[in-house]
Amino acid sequence: MLILVVNAGSSSLKYQLIDMDDEKVIAKGNCDRIGIDGHISHKTHDGRTLNEDCSFPTHTEAFEKLVDTLLNSDASVIKSMSEISAVGHRIVQGAEIFSETTLVTDEVIDKIDELAELAPVHNHAHALALRACKKVFDPSVPQAVVFDTAFHQTMPPKAYMYGIPYEDYEKYHVRKYGFHGTSHRFVSMALAEAMGKDLKDLKVVSCHLGNGSSITAIENGKSIDTSMGFTPLDGIIMGTRCGAIDASAVTYLEKKLNMNPDEMSNYLNKQCGFLGVSHVSSDNREIYAAIHEGDEKAQLTADMLRYEIKKFIGSYTAVMNGLDAVIFTGGIGENSWEVRDGVCTNVDYLGIKIDHELNKTVRGTLTKISTPDSKVEVWVIPTNEELLIARDTLALISK
Ligand code: AMP
């Protein structure tokens, strides 16, 4: 059974076609530059590729091209549209309305669109893509939406509330939502499987570290706190996002830099983080390359990241009253031994001890990097959000 997984942005439409019989990706690609001009890059499991400039005035043309590529191109992988049993869509913000994977209806799409106020960059684009997908696919093909925020809907109010007047939370829905839920859910399930334990019996800190990063405390298989907040800006320092910052510093900078709120939002999201502190790059690899050349600001950036991750692990251990395992995932978590090494050094008080030599060799493979006598297990676990979206979609349509 084939499931198409879609991750749509305002100008792009990434996709994977997954065969659920063996969970293998049979084709994947990206329809890019939607609303600008258009380009598709596509790759099949057997190594055929297609790169073509196209015209994508809207998401509808992108979907039409994607289907045509799957069906009719030199890199086709299916003979009939009916081979695709369902479509699963990644949605960034589900707020308090969506706490689980949901079947797509017109009403659901409208609600996702209404939530664009809380996620201006993403949700409207998701709604456009959902409407386009409904036009291109036969109405009999079920579609599901999987929300980045859904996993964190189990957080208790004491974790998700901000210290603002309660009526402003009620009226404007300003609270912590948390993101990367699909990734945290995927890796925590993979962890339990790898450890041969029931996730319900584990206290876990999951560190998803990439261009965007978030850290989640998972107890009884449920998210009980997470580092991202109302938006994905909060938490630890990221590629171009500042992470947690005193709100007064923001209003002060707004005045000093003579910025309006939109300009300030752009500054905090795009000009800060690794890039802003180091003035080297938003990319972790380039930060470490600069460190090897003696760049002090790159060193400071790397030190900040490792320090902040360590602080979250400590605070989440405190609130869970224990810790069984730490997960590293995402581009940095899976690949950067330096970041893992820095986080997992001098934390023996918490019961964390890693094999530093083994850690140096691990890149993107599921590996336990803690020593046999470490009280807490430390794992590198490659994430796979698309696969979880496909699994969720399959589970929903099988009901
Ligand atoms: P993501 O957003 O999950 O794709 O992660 C992107 C981040 O992962 C960037 O900062 C990359 O520099 C980092 N990254 C990817 N591969 C490596 C690697 N081999 N070593 C260190 N960092 C890496």
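A quick note: this is a predicted structure, and the numbers were derived from the prediction, not measured. As the structure lists them, so they are numbered: ligands from 1, and atoms in each ligand from 1.
No more than 12 heavy atoms of other residues, nucleotides or ligands lie within 6.0 Å of CD in Glu296, so this atom counts as exposed by the packing criterion.
Under the rule for a side-chain contact (heavy atoms from CB on, under 4.5 Å), the partners of Lys24 that lie at least two apart in sequence or sit in another chain are Asp22.
Between the side chain of Lys368 and the backbone N or O of Glu377, no donor-acceptor pair lies under 3.5 Å.
Classification of the Tyr288-His292 ring pair by plane angle, with boundaries at 30° and 60°, yields tilted.
Screening residues 364-399 for ring-ring contact (aromatic ring centres under 6.0 Å, His included) gives no qualifying pairs among residues at least two apart or on separate chains.
In the hydrophobic clustering, Leu71 connects to Leu2, Leu4, Val6, Leu13, Tyr15, Leu17, Ile26, Ile34, Ile40, Leu50, Phe56, Phe63, Leu66, Val67, Leu70, Val77, Ile78, Met81, Ile84, Val87, Val136, Phe137, Val141, either directly or through intervening members, whenever side-chain heavy atoms lie under 4.5 Å apart.
Protein neighbours of ligand 1 below 4.0 Å, counting non-hydrogen atoms: Gly210, Asn211, Asp283, Asn284, Arg285, Gly330, Gly331, Ile332, Asn335, Ser336.
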